[in-house]
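Here is the structure we will look at.
Proteins come first, then strands; the chains are lettered A, B, ... in the order of their sequence lines, and each starts at number 1.
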2 protein chains.
Amino acid sequence: MNINHIELRHLRLLQAVTEAGGLTAAAERLHLTQSAVSHQLKALEDALGLQLIERATRPLGLTAAGRRLLTLAHAALPQVDSALRDLAKLKDGDAGELRIAVECHTCYDWLMPAMDSYRDVWPGVELDLLGGFQADPVGLLLDGRADLVITSETVPRAGIAYAPLFGFEMLALLTPDHPLAAKKWLLPADFAGHTLITYPVPEDRLDLIRRVLAPAGIKPARREAQLTVAILQLVASRRGLAALPAWAVAPYLERGYIAARRIGKHGLWAELHVAVREADAARAYVADFIETVKRDSFARLPGIRPAIIAP
Amino acid sequence: MNINHIELRHLRLLQAVTEAGGLTAAAERLHLTQSAVSHQLKALEDALGLQLIERATRPLGLTAAGRRLLTLAHAALPQVDSALRDLAKLKDGDAGELRIAVECHTCYDWLMPAMDSYRDVWPGVELDLLGGFQADPVGLLLDGRADLVITSETVPRAGIAYAPLFGFEMLALLTPDHPLAAKKWLLPADFAGHTLITYPVPEDRLDLIRRVLAPAGIKPARREAQLTVAILQLVASRRGLAALPAWAVAPYLERGYIAARRIGKHGLWAELHVAVREADAARAYVADFIETVKRDSFARLPGIRPAIIAP
DNA sequence: TGTTTATATGAATATCAATCATATCGAGCT
DNA sequence: AGCTCGATATGATTGATATTCATATAAACA
């Protein structure tokens, strides 16, 4: 490869590697194998005749050359994205309506800021957030009461297209002085005899119960709370255990009056997807909403990873 | 091809086509066949779902989409070229980056002029001064946030190389009519009962305290000031004593409203060293920076001597 | 010192870009 | 109209190279 054959792909690669903090993590983000990333990075370094990243240090650092190229990436890639958005607007028009239904309570945390940055770019699109609990949110798409649903399910349905957002870890919450806090991770049996504090949704919508406790035959008592802070409050005052997404609890962990533990050795991971009508999937303002949410989430939320399950 | 697979190649193509005024001419410029240009343009248009050039007209014109993409090309390609030029310089070794962290406040006095003369010789090297107090400046080297540190310590660390700059004398400052001014040199006990005016750094970074007062069990009250002139001001108005490098006070001694005395019979001597990553030590522009600073200092600073302690 | 996790690498494969050969198109001409 | 010429388009093939797979190697952890 020649120095003049630098491509946007290489800039995207370098950006992903530095943002993800490693080749393997970057590979996931780019939907490539680790090998591809390694090869491509090496090809780039060979072409330039310069090292771009310090292999020895951890967390992996950039060389002067790497920093220069990253500066270019930061300058050029947003320009490209902006141009592509303009082209998309030329193609499909720049106005529309997005009525959004959200299945998970904690999603509002990141959805609101994502919507804000989306509004900056697509001022002509009317955003509406549907409130209240929905038994069958994807059904709302089919009978035209919503245009976009954020859900953890991906059951195939005629006329519905799914796009993956990200995977996240559910953490068990307890007080720092709780007997279970001594363990590095919790097992299903650990939940027996404790009250489980949850949002007011049916059991089959709670990953902890559906995927961990129910299979182990454990049915803890439940207590419901509407708001995230209320759940945290109840846990802190020792009324029981809870399980929330890692990103939602991160800000509270620092204070130290609450602690989080993995659920199972490798953690309990869940995923979020976007569902839209197939007819809408190709619309520029819809596709870009999904992109915006994804980009925003990866930049903002700690401890998330690309979704694994194919949509 | 997907819309996200836009590459610089496509921007270069569009630019060539518009500048050359046709596909055939553009092909020549790009050292491609006319067929390749046609294929690539079509692939690009298909990916975007938009026409980019008006085929019918002659001389061939751009569509709105084409103009938007050409705008992007005009913005992005020069940035890329500029980055590539910088990288080429980095490669040849006549360019680089020196992010400099300085441990001692007074060092700025001589560092600035030294940097000025260095810049004349190495215009391709980007000089950056890291601001703020650093708890572990040499650590900045290891995690890649600095490239060169000016420090008084030389604790050996893996991957770090030290080079001596010079030794200098710390002088105690007082008013000419101060009772202690009668002495030729001051002893630790002389500081008892006086306020010590210092830069805002921890005690163990102050040679006077660490090497003279603390061993003698003397803990004077401290008062902090940010700037050298502020310290002198406070001394002159009899708020306490201070200790500064000889070179830093020399210009003020002449005025006569402040006096300086040795600390101990033979004076309190300290040394300054440069720390760099071993990997960087051999680079010409790094080695020459150290040489320049040294030469400049010996030429400019009164009362300094070569460093004695082996690095 | 084993065990896990991250990165590197050679060979095989898959993907995509460039070429060759040829078709199509449009403008100017008689 | 029919013809010609220069430019662009297109299908099939070749060539290049990005990606993967299967490992090896290296670093971190306990």
Measure [atom1]/[X] against [atom2]/[N] and give the value in whole Å, please.
X: His10(A); N: dA18(D); atom1: NE2; atom2: C1'; result: 9 Å
X: Asp46(B); N: dA17(C); atom1: CG; atom2: C1'; result: 15 Å
X: Lys184(A); N: dT4(C); atom1: NZ; atom2: C1'; result: 13 Å
X: Met1(B); N: dA18(D); atom1: CE; atom2: C1'; result: 16 Å

* Compute the centroid of each ring, for Trp110(A) and then for Phe168(A), and state whether the two points are separated by less than 6.0 Å. =>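 Here the rings of Phe168(A) and Trp110(A) have centres that are no less than 6.0 Å from each other.
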* Asked: Is Arg238(A) salt-bridged to Asp177(A), going by a charged N under 4.0 Å from an acidic O?
  ->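 The answer is yes: the pair qualifies as a salt bridge.
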Would you state whether a donor and an acceptor, one from the side chain of [X] and one from the base of [N], lie under 3.5 Å apart?
X: Ser38(A); N: dT9(C); answer: no
X: Ser35(B); N: dT8(D); answer: no
X: Gln34(B); N: dA9(D); answer: yes

* **Ser152(A) (side chain) donor-acceptor with Glu271(A) (main chain) under 3.5 angstrom** =>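 No, Ser152(A) side chain to Glu271(A) backbone: no donor-acceptor pair under 3.5 Å.
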* To do: State which of dA18(C), dA8(C), dT9(C) makes the closest approach to the side chain of Leu23(A).
  =>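 Given the options dA18(C), dA8(C), dT9(C), the side chain of Leu23(A) is closest to dA8(C).
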* Look at the side-chain N and O atoms of Thr33(B) and state whether any lies under 4.0 Å from the OP1 or OP2 oxygen of dT19(C). =>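 Answer yes for this pair, as a side-chain N or O of Thr33(B) is under 4.0 Å from OP1 or OP2.
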* To do: Assess the side chains of Thr24(B) and Gln34(B): does a donor N or O sit below 3.5 Å from an acceptor N or O?
  =>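 No, no side-chain donor-acceptor contact under 3.5 Å.
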